[in-house]
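See structure below.
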Number of protein chains: 2
Amino acid sequence: MAREMKAAGRPRDPKTAENIKSTTLRLMREQGYAAVSIASIISESGVAKQTIYNRWKTKADLVLDAIFEETERYASAPDHDFNKSCREQLYQFLIEVFEHLERDSRIICALIASAQEDKLFQKSFRERFVNPREKIVEDILRRAHSLGQISTERDIPTLVAFIHGAFWYPLLNGIQPDRKLAQNIVAEIFRH
Amino acid sequence: MAREMKAAGRPRDPKTAENIKSTTLRLMREQGYAAVSIASIISESGVAKQTIYNRWKTKADLVLDAIFEETERYASAPDHDFNKSCREQLYQFLIEVFEHLERDSRIICALIASAQEDKLFQKSFRERFVNPREKIVEDILRRAHSLGQISTERDIPTLVAFIHGAFWYPLLNGIQPDRKLAQNIVAEIFRH
DNA sequence: TTAATTAGTAGACTATAGTCTATTATATTA
DNA sequence: TAATATAATAGACTATAGTCTACTAATTAA
């Protein structure tokens, strides 16, 4: 039954979550993940601590949610523009990801860090952030396979790991991926 | 002047640092990075808190030092056995790294996590852990270049990032790199 | 022997993530 | 209207990394 059951009890004020998330995102971008305390989010947004912990399990969980609306836009599949080669599509995707990272890399790296000590959060981060981006690259490569733009002998999961790893690795070592890296990645993936 | 100047003041007891490091490594392997508190290291090793913070800046700094003696052995260059192809050398290196990771991946991932919120530690981790491993792979690929085992057109820094990224990426997403991954990596790098 | 210097101990203190409890506010249902 | 359930507030409490200060121990240099 898809009844619209209205839960008993006081309903959540939708403005409360919006307030907390936007305050969090703003503070994070101004000061970075570690520098922003839950206490400062509380005092800036004017809510009680328990209101935050009623909705999110941890600080990382809140921050992931706060940047999710924005980040998911960058994980939208590129137009299947058939004038563009798969190579161009991959390049375009990487450039968009790198531009996004230029703004939020500190926060993303902090979330990857948090995922190392919280397996539940790791799963959540994987599902919401990692998997969608993996799928886009996988789709591009599969199309390239079927269009004969890369050899059918090559292993797609390995290439996907290569591509993502190739910018995660410098990122986590404090190096911003740039246009040159994107060019080098596509050149290596699509070389004859 | 390379005078053997003996510093004034009470000399450090070399047993103290050894005690702290071995206790730390043992506890870390038993319980993992997050589960081991500085307090537990103190009570197990019997030293004072300040004794630890006199020598190491942070918990991560201590842990890096504690596993360094062991990990650096796995970053030793492989024998330049000219019976072995570069492909085999790379495969051997990856297998050794993966076996090492099987034991200490939780700790290594926690150190990578710590590096995200402490740029000084990031630099230290890069110099002691990342760079030596990069160099080994780079050397193998350069030799492969000059021996004609891979095309001279291919960009070595990009390949190095591919190789390391290809196991860092699954590792940080909670997936243990295995033999199959090592095979796929060398197959992709050394394909004709 | 004395002064200076550094190592190590002991424990109070700070900052911060997260938990717990009591209280008040706002909704549904009987 | 009364009972019940959940939201939100307020603030005490816990655990832990790291700092600070006072003290004692071991060494060098004068």
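Residue numbering restarts at 1 for every chain, and letters A, B, ... go by the order of the sequence lines. All figures in this text were calculated on a predicted structure; none of them were measured in a lab.
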Just wondering, more than 12 heavy atoms not from A/Arg191 lying within 6.0 Å of its CZ?
->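 Yes, because the 6.0 Å sphere around CZ of A/Arg191 holds more than 12 heavy atoms from other groups.
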
Under 4.0 Å: is that the gap between some side-chain N or O of [X] and OP1 or OP2 of [N]?
X       : N     : value
B/Thr51 : C/dA7 : no
A/Thr16 : D/dA7 : no
B/Arg55 : C/dG8 : yes

Taking atom [atom2] of [N] as reference, at what distance in whole Å does atom [atom1] of [X] sit?
X        : N      : atom1 : atom2 : result
A/Ile42  : D/dA12 : CD1   : P     : 14 Å
A/Phe121 : C/dG18 : CZ    : P     : 11 Å
B/Asn54  : D/dC20 : CG    : C1'   : 12 Å
B/Glu117 : C/dA17 : CD    : C1'   : 12 Å
A/Asp13  : D/dT6  : CG    : C1'   : 14 Å
A/Arg12  : C/dA25 : CZ    : P     : 20 Å
B/Glu18  : C/dA7  : CD    : C1'   : 17 Å
B/Ile52  : C/dA7  : CD1   : P     : 15 Å

Nearest of [options] to any side-chain atom of [X]?
X       : options               : value
A/Arg10 : D/dT19, D/dA7, C/dC20 : D/dA7
B/Ala8  : D/dA17, C/dT5, C/dT19 : C/dT5
B/Gln50 : C/dA10, C/dA17, C/dG8 : C/dA10

Using 30° and 60° as the class limits, which term best fits the ring planes of A/Tyr169 and B/His164: parallel, tilted or perpendicular?
->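 It falls in the parallel class, under 30°.
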
So which one's nearest nucleotide on DNA chain C is more toward 5', A/Lys57 or B/Val47?
->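 On the 5' side of the pair lies B/Val47.
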
Which comes earlier along DNA chain C counting from the 5' end, the contact point of B/Pro11 or that of B/Lys49, where each point is its nearest nucleotide?
->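 The answer here is B/Pro11.
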
Touch class at under 4.0 angstrom, heavy-atom based, for B/Ala48 against every strand present =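 Contact class for B/Ala48: base.
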
With sugar-phosphate meaning primed atoms plus P, OP1 and OP2, does B/Ser37 contact a base, only sugar-phosphate, or nothing at under 4.0 Å between heavy atoms?
->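 Sugar-phosphate, no base atom in range.
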
Face-on cation placement of B/Arg128 at B/Phe125 ring, 6.0 Å and 45° thresholds =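 Because its charged atom misses either the 6.0 Å distance or the 45° angle limit, B/Arg128 does not stack over B/Phe125.
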
On the ring face of A/Tyr33, is A/Lys59 found with NZ or CZ under 6.0 Å from the centre and within 45° of the axis?
->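 So A/Lys59 does make the cation-pi contact.
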
Main-chain N/O of A/Ser85 paired with A/Glu88 side-chain donor or acceptor, under 3.5 Å |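 Answer holds: yes.
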
